[in-house]
Amino acid sequence: MGKVVVIIFSIITLLTISSTGTIAEAAKNRPKKRVPEQKTSTALGDKADSAILIEASTGAVLYEKDPDKQWPPASMTKMMTMLIAAEKLSSGAIKKTDMVKVSSYASSMGGSQVWLKAGEEFTFEELMRTVVVGSANDSSVAIAEAIS
């Protein structure tokens, strides 16, 4: 149970930090410890508009590309839904194995989704995975309805 909460919190933190520019702010305020230039794949850098990779224990900036660029928070509602879901799991108010019936409202969500159908049933854990991995709006609403 504790691992689920830690994983979800880590994902939420990473998404929040990467989407709000907080890492960039942290990097600006920290003395930069550069690691020697290495020949590494820049696949991430080629596709991303901005990025920064900081080694956690030393604070060394391993990679950066326009790290100060500000981005609006993406999927903040889903991240907060996952945080509350993790708290409900942690408190025992809900279990990973609890079945959640998808409402017609949840199934009607647009944007990124996993195409849930009204009346289908999934475990709470399955729905959480689709939110974390697939950023599924429909699953996020189904979870919110289950924990409300």
Side-chain angles (χ1 to χ4, degrees), residues 1-33 35 40 43-45 47-148:
M1 182 68 68
K3 288 181 184 179
V4 171
V5 172
V6 169
I7 290 169
I8 291 170
F9 182 74
S10 298
I11 290 168
I12 290 169
T13 301
L14 288 173
L15 290 173
T16 302
I17 289 171
S18 66
S19 65
T20 61
T22 307
I23 282 183
E25 289 302 313
K28 266 201 293 193
N29 297 331
R30 176 185 301 204
K32 292 188 178 189
K33 302 174 191 172
V35 294
T40 58
L44 172 65
K47 294 178 182 178
D49 290 327
S50 66
I52 187 163
L53 178 63
I54 301 172
E55 202 285 319
S57 62
T58 66
V61 176
L62 304 175
Y63 176 82
E64 64 183 353
K65 178 181 178 183
D66 199 8
D68 298 319
K69 185 171 185 173
Q70 295 293 308
W71 291 92
S75 303
M76 185 60 73
T77 302
K78 284 182 269 197
M79 291 186 284
M80 294 309 296
T81 300
M82 293 304 289
L83 176 62
I84 294 168
E87 289 172 350
K88 294 286 186 178
L89 282 170
S90 203
S91 73
I94 196 160
K95 297 182 192 86
K96 293 187 297 184
T97 56
D98 286 353
M99 297 304 291
V100 177
K101 188 173 186 175
V102 178
S103 71
S104 59
Y105 179 70
S107 70
S108 73
M109 294 296 111
S112 58
Q113 57 187 304
V114 290
W115 306 101
L116 300 177
K117 292 182 178 35
E120 289 182 313
E121 289 191 16
F122 297 92
T123 66
F124 195 75
E125 180 178 31
E126 289 170 325
L127 292 173
M128 288 182 70
R129 285 184 184 181
T130 62
V131 173
V132 171
V133 177
S135 191
N137 294 329
D138 46 1
S139 294
S140 184
V141 171
I143 287 171
E145 290 174 340
I147 61 179
S148 66

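The nearest pair of heavy atoms linking A118 to S104 is CB-CA, 3.7 Å. Taking every heavy atom of both residues into account, I147 and I84 meet most closely at CD1-CG2, 3.6 Å. The nearest pair of heavy atoms linking I94 to D98 is CG1-OD2, 3.2 Å. Contact record, D138 with L116: OD2-N, 2.9 Å, taken as the closest heavy-atom pair.
For the atom pair CE of M109 and OG of S103, the computed distance is 7.5 Å after rounding to the nearest 0.5 Å. Note that CD1 of I52 and NZ of K69 are 15.0 Å apart. Values are rounded to the nearest 0.5 Å. Between the OG atom of S139 and the CE atom of M128 there is a distance of 11.0 Å, given to the nearest 0.5 Å. To the nearest 0.5 Å, atom CD1 of residue I143 and atom CE of residue M82 are 5.0 Å apart. Here L127 contributes atom CG and E120 contributes atom CD; the two are 10.0 Å apart, rounded to the nearest 0.5 Å.
With contacts defined as side-chain heavy-atom distances shorter than 4.5 Å, the pair F124/K88 does not qualify. Residues F122 and T130 form no side-chain contact, since every pair of their non-hydrogen atoms from C-beta on lies 4.5 Å or further apart. A heavy-atom distance below 4.5 Å is not found between the side chains of L53 and E64. Side chains of K96 and L89 form a contact here, defined as non-hydrogen atoms less than 4.5 Å apart.
Under a 3.5 Å cut-off, the side chain of S140 and the backbone N or O of A136 do not form any donor-acceptor pair. A donor-acceptor pair under 3.5 Å links the side-chain atoms of N137 to the main chain of G110, judged by distance alone.
With sequence neighbours left out, S135 forms a side chain to side chain contact (heavy atoms under 4.5 Å, CB included) with S75, K78, S112.
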Test side chain to side chain contact (heavy atoms under 4.5 Å, CB included) on M99 and T123 and set out the steps.
CA-CA 4 Å; M99 297 304 291; T123 66; 3.6 Å; yes
